[in-house]
Amino acid sequence: MINFRYHLVSLTAVFLALTVGLILGTAALNGPAVERLQSATQGLRDSNDQLRAEINELEDQLGDDQAFAAEIAPAYLAGMLTDKNVLIVALPGVETDTVDGVVEMLGYSGATVSGRISVLDEFFDPDNADQLVDLVDNEITPATVQPPVTYDGVAAMSYVLAAVTTGKADGTAVEIAAGDITKVTTSLNELSMLTVEEEPTGVADGVLVLAGPGSTDSDSEERNNGMVALTGAFAADVPTVYGATTSTGDGNPITVLRSDEVDDVATVDNVAVTQGQIAAVAALADYIATGNVDHLGIGEGMSDLLPGAA
């Protein structure tokens with residue numbers, strides 16, 4: 001009869017065998033396996049160190065490039081837009097520092113900033129479309145401006161906003177009173193759709209629309225289409241440049257504006273840096289002077305860094 005002592009001895013033998021096997025296996029594998037693991041780990045460390053060094057070097061080079069761009073900007077841009085009035089329109093996603101940088105470049109070019117406004121997220125919210133249509137139809141449209149008949153609130157309001165801030169509608173000069181401009185900007189401001197940094201004069205020879213990468217919200221398609229429509233409204237009146245901080249991102253409006261379907265909006269895709277801010281001003285100057293519609297920057301669809309650089 002098998003007794004308890006037999007079971008105990010058997011279990012002890014099994015565990016002893018497992019322990020010995022583990023010790024022998026670890027001893028056999030410890031050398032090669034650990035060495036391979038250590039080698040792979042060290043390789044990853046070395047690779048990361050190299051990539052980090054390359055990133056630091058590229059950042060230094062970028063800093064040097066932008067410092068050089070800032071140095072040459074006054075001479076390069078001098079006189080490009082003398083006696084020209086330029087309206088600045090900031091869209092969601094662009095930083096104030098970027099807009100300030102573009103304004104500085106405009107100063108070098110001899111241009112006068114004829115207004116600086118920021119169109120906010122609420123303007124492009126699809127839920128506010130009916131409210132915009134009502135404003136256009138019943139309250140704020142000057143008698144000299146005939147907006148298109150449409151249920152697209154952004155398109156309708158963009159037409160009116162472009163007309164009162166540029167003094168033109170579909171490229172034709174229209175009479176705009178100071179009160180007309182204030183009525184439009186104040187009404188939109190009260191709805192948290194627009195802010196005014198510098199009141200528009202109602203005269204513009206060109207427009208710089210400055211933007212981020214576009215919307216990524218659940219209704220991003222409608223919002224991004226709205227940004228394209230707004231830009232198109234200004235472009236129908238005067239030469240217009242759309243300057244984005246990047247050309248990446250799904251639905252980025254600059255992708256549409258660089259397509260074959262649009263031929264009246266110049267674009268720049270790197271206005272977050274000094275070189276791109278110079279390019280935006282130069283593109284507008286080229287558009288006004290020659291009618292050339294440039295696509296500048298570093299992203300897909302660009303033709304060069306600066307007009308005529310090839």
Side-chain angles (χ1 to χ4, degrees), residues 73-74 77 79-124 135 140-142 145 157-169 173-212 227 230-231 233-235 237-245 265-266 268 271-272 274 276-285 287-288:
L77 294 172
M80 279 191 179
L81 289 169
T82 298
D83 298 328
K84 300 299 182 182
N85 295 288
V86 178
L87 176 70
I88 303 291
V89 181
L91 300 188
V94 65
E95 298 292 336
T96 301
D97 288 348
T98 296
V99 183
D100 290 342
V102 172
V103 170
E104 182 180 2
M105 299 305 149
L106 279 173
Y108 297 143
S109 74
T112 297
V113 175
S114 62
R116 177 173 167 177
I117 60 177
S118 296
V119 183
L120 308 179
D121 283 315
E122 290 297 309
F123 185 91
F124 302 105
L135 278 176
I140 65 174
T141 303
V145 176
M157 182 58 74
S158 295
Y159 185 96
V160 174
L161 181 62
V164 300
T165 54
T166 66
K168 295 181 180 179
V174 292
E175 185 176 346
I176 301 295
D180 295 331
I181 303 170
T182 303
K183 183 183 292 186
V184 172
T185 57
T186 299
S187 297
L188 292 174
N189 178 262
E190 289 174 350
L191 295 173
S192 299
M193 295 183 181
L194 179 143
T195 59
V196 177
E197 286 74 37
E198 187 173 337
E199 187 71 27
T201 63
V203 177
D205 299 299
V207 176
L208 287 172
V209 180
L210 305 175
M227 294 181 198
L230 176 74
T231 304
F234 284 105
D237 296 339
V238 294
T240 298
V241 175
Y242 183 92
T245 56
V265 178
V268 177
V271 295
T274 304
Q277 294 159 15
I278 295 172
V281 174
L284 183 60
Y287 197 162
I288 292 173

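The structure presented is a predicted model; accordingly, all values stated were derived computationally and were not measured.
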*Is the backbone N or O of T195 less than 3.5 Å from a side-chain atom of N189, with the two atoms forming a donor-acceptor pair by type?*
no
*Among L284, V241, V281, which one satisfies side chain to side chain contact (heavy atoms under 4.5 Å, CB included) with V86?*
L284
*asked:* Closer than 3.5 angstrom, by distance alone: can the side chain of S114 be matched with the main-chain N or O of A204 as a donor-acceptor pair?
replied: no
*side chain to side chain contact (heavy atoms under 4.5 Å, CB included) with T166: which of T240, V203, V174, V207?*
V207
*asked:* Main chain of N85, side chain of D205: is a donor-acceptor contact present, judged purely on distance under 3.5 Å?
replied: yes
*Heavy-atom closest contact (L91 atom, A211 atom, distance)*: CB-CB, 3.9 Å
_For A280, give me all partners under side chain to side chain contact (heavy atoms under 4.5 Å, CB included), at least two apart in sequence or on another chain._
L208, V268, V271
*Smallest separation among heavy atoms of S192 and L120, with atom names*: O-CD1, 3.6 Å
*Quick one: closest heavy-atom pair of A163 and A169, and the distance?*
CB-CB, 4.4 Å
_For a 4.5 angstrom cut-off between non-hydrogen side-chain atoms, does L230 reach L161?_
yes
*Contacts of T186 that satisfy side chain to side chain contact (heavy atoms under 4.5 Å, CB included) - sequence neighbours left out*: T182, E190
_For a 4.5 angstrom cut-off between non-hydrogen side-chain atoms, does T185 reach E199?_
yes
*Which atom pair, heavy atoms only, marks the closest approach of I117 to P200?*
CG2-CG, 3.8 Å
*Measure the shortest side-chain to side-chain distance between K183 and V164 over non-hydrogen atoms and say whether it is less than 4.5 angstrom.*
no
Side-chain donor-acceptor pairs of residues 95-107 under 3.5 Å, sequence neighbours excluded:
unit_1	atom_1	unit_2	atom_2	d
D100	OD1	R116	NH1	3.0
D100	OD1	R116	NH2	2.9
E104	OE2	Y108	OH	2.8

*Is there a side-chain contact between T141 and Y159 (heavy atoms, below 4.5 Å)?*
no
_Side chains of L188 and F123 in contact at under 4.5 Å (non-hydrogen atoms)_ = yes
*Find the distance between CD1 (I140) and CE (M157) and round it off to the nearest 0.5 Å.*
3.5 Å
*Compare every heavy atom of V265 with every heavy atom of A235, then report the nearest pair and how far apart it is.*
CB-CG2, 3.6 Å
_Test of understanding: with side chain to side chain contact (heavy atoms under 4.5 Å, CB included), list the residues that count as partners of D180, not counting sequence neighbours._
P142, I176, A177
*Among all residues two or more places apart in sequence or in another chain, which pass the side chain to side chain donor-acceptor pair (under 3.5 Å) test with S118?*
E197
*asked:* Any heavy-atom pair between the side chains of T112 and T201 that's under 4.5 Å?
replied: no
*Step by step, would you call T165 with V89 a side-chain contact (heavy atoms from CB on, under 4.5 Å)?*
CA-CA 10 Å; T165 54; V89 181; over 6 Å; no
*Excluding sequence neighbours, so at least two apart, what forms salt bridge (charged side-chain N to carboxylate O under 4.0 Å, His left out) with D121?*
none
